[in-house]
Amino acid sequence: QVQLVESGGGLEQAGGSLSLSCAASGRTFSNYVIGWFRQAPGKERELVAGIGTVGSTTYYADSVKGRFTISRDNAKNTVALQMNSLKPEDTAVYYCAARWVVMRTLPSEYPYWGQGTQVTVSS
């Protein structure tokens with residue numbers, strides 16, 4: 001089992017950057033795939049970036065490719081999401097989530113979730 005806590009959200013202008021962090025507890029963190037999801041008001045939760053257990057495999061939604069970068073540090077039990085060239089449509093609550101070993105893209109396939117952090121991008 002793993003517990004997740006997000007930090008780093010806030011308000012930023014369009015074109016700016018924010019960095020989110022996901023801190024995990026648990027001795028087997030390196031066996032978990034981590035996904036960053038977001039949910040905007042009235043919209044479904046979507047996977048924006050995911051990273052495999054050792055960091056060599058990554059996934060990005062088309063909407064964030066070239067702007068967002070996901071990384072992990074298994075020694076520190078953390079996963080970061082660097083968000084550059086932010087757009088107003090990036091406004092959402094961002095969640096990190098974990099699942100065992102194999103990367104998937106649907107929220108229902110992730111059993112462990114953080115509480116979420118708000119990201120607001122003004123135009």
Side-chain angles (χ1 to χ4, degrees):
Q1 193 169 0
V2 62
Q3 288 79 43
L4 305 170
V5 178
E6 303 96 336
S7 61
L11 174 65
E12 183 58 76
Q13 292 184 335
S17 298
L18 282 173
S19 181
L20 304 183
S21 182
C22 176
S25 62
R27 292 179 292 177
T28 59
F29 174 73
S30 60
N31 289 329
Y32 287 88
V33 168
I34 302 297
W36 278 101
F37 290 78
R38 68 185 180 190
Q39 188 165 20
K43 295 188 176 181
E44 294 186 351
R45 193 169 296 190
E46 62 171 349
L47 179 65
V48 295
I51 190 163
T53 56
V54 298
S56 58
T57 301
T58 57
Y59 165 90
Y60 295 97
D62 288 344
S63 57
V64 306
K65 279 181 182 176
R67 301 188 298 121
F68 289 12
T69 302
I70 190 170
S71 60
R72 71 188 293 161
D73 185 338
N74 284 344
K76 296 182 179 180
N77 281 16
T78 58
V79 174
L81 184 68
Q82 178 64 40
M83 305 185 295
N84 299 328
S85 302
L86 285 164
K87 303 176 180 180
E89 51 263 44
D90 294 321
T91 295
V93 177
Y94 283 71
Y95 301 88
C96 67
R99 74 180 315 277
W100 189 256
V101 179
V102 181
M103 191 178 298
R104 294 285 187 264
T105 60
L106 296 178
S108 60
E109 295 173 303
Y110 286 74
Y112 306 109
W113 291 82
Q115 81 287 353
T117 185
Q118 177 70 46
V119 170
T120 304
V121 183
S122 62
S123 57

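Atoms considered below: every heavy atom in the structure, side chains included; atoms not considered: hydrogens, waters and symmetry mates. Residue numbers run from 1 in the order of the sequence given.
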Checklist entry - Between Tyr32 and Tyr112, how do the two ring planes meet: parallel, tilted or perpendicular, split at 30° and 60°? => result perpendicular
Judged by atom type as modelled, is there a donor-acceptor pair below 3.5 Å linking the side chain of [X] to the main-chain atoms of [Y]?
{"X": "Gln115", "Y": "Glu6", "value": "yes"}
{"X": "Arg99", "Y": "Glu109", "value": "yes"}
{"X": "Arg72", "Y": "Val33", "value": "no"}
{"X": "Asn77", "Y": "Gly26", "value": "yes"}

Item to check | Worked check of side-chain contact (heavy atoms from CB on, under 4.5 Å) between Trp100 and Thr28 | outcome: CA-CA 10 Å; Trp100 189 256; Thr28 59; 4.1 Å; yes
Item to check | Tyr60 with Val79, same ILVMFWY side-chain cluster at under 4.5 Å | outcome: yes
Checklist entry - If two hydrophobic side chains count as joined below 4.5 Å and joins carry through other members, does Ile70 share a cluster with Val101? => result yes
Item to check | side-chain contact (heavy atoms from CB on, under 4.5 Å) evaluation trace for Thr53 with Ser30 | outcome: CA-CA 5 Å; Thr53 56; Ser30 60; 5.8 Å; no
Taking all atoms of both residues into account, what is the closest heavy-atom pair of [X] and [Y], and its distance?
{"X": "Tyr94", "Y": "Leu81", "value": "CD2-CD2, 4.3 Å"}
{"X": "Ser25", "Y": "Gln3", "value": "OG-OE1, 2.6 Å"}
{"X": "Cys22", "Y": "Leu4", "value": "SG-CD2, 3.9 Å"}
{"X": "Val93", "Y": "Gly116", "value": "CG1-CA, 3.9 Å"}

What distance separates [X] [atom1] from [Y] [atom2], expressed to the nearest 0.5 Å?
{"X": "Ser123", "Y": "Lys87", "atom1": "OG", "atom2": "NZ", "value": "14.0 Å"}
{"X": "Ile51", "Y": "Thr57", "atom1": "CD1", "atom2": "OG1", "value": "8.5 Å"}
{"X": "Ile34", "Y": "Cys96", "atom1": "CD1", "atom2": "SG", "value": "6.5 Å"}
{"X": "Ser17", "Y": "Phe68", "atom1": "OG", "atom2": "CZ", "value": "9.5 Å"}
{"X": "Leu20", "Y": "Trp36", "atom1": "CG", "atom2": "CH2", "value": "4.5 Å"}

Next on the checklist: Run the side chain to side chain contact (heavy atoms under 4.5 Å, CB included) test against Thr105 and tell me which residues pass, sequence neighbours left out.
Outcome noted: Leu47, Tyr59
Item to check | Results of side chain to side chain contact (heavy atoms under 4.5 Å, CB included) for Glu12 - residues two or more places apart only | outcome: Leu18, Leu86
Next on the checklist: With side chain to side chain donor-acceptor pair (under 3.5 Å) as the test, pick out the partner of Arg38 among Thr91, Asp90, Thr117.
Outcome noted: Asp90
Item to check | Stepwise side-chain contact (heavy atoms from CB on, under 4.5 Å) test for Met83 and Val121 | outcome: CA-CA 11 Å; Met83 305 185 295; Val121 183; over 6 Å; no
Checklist entry - Who are the ring pair (Phe, Tyr, Trp, His ring centres under 6.0 Å) partners of Phe37, not counting sequence neighbours? => result Tyr110, Trp113
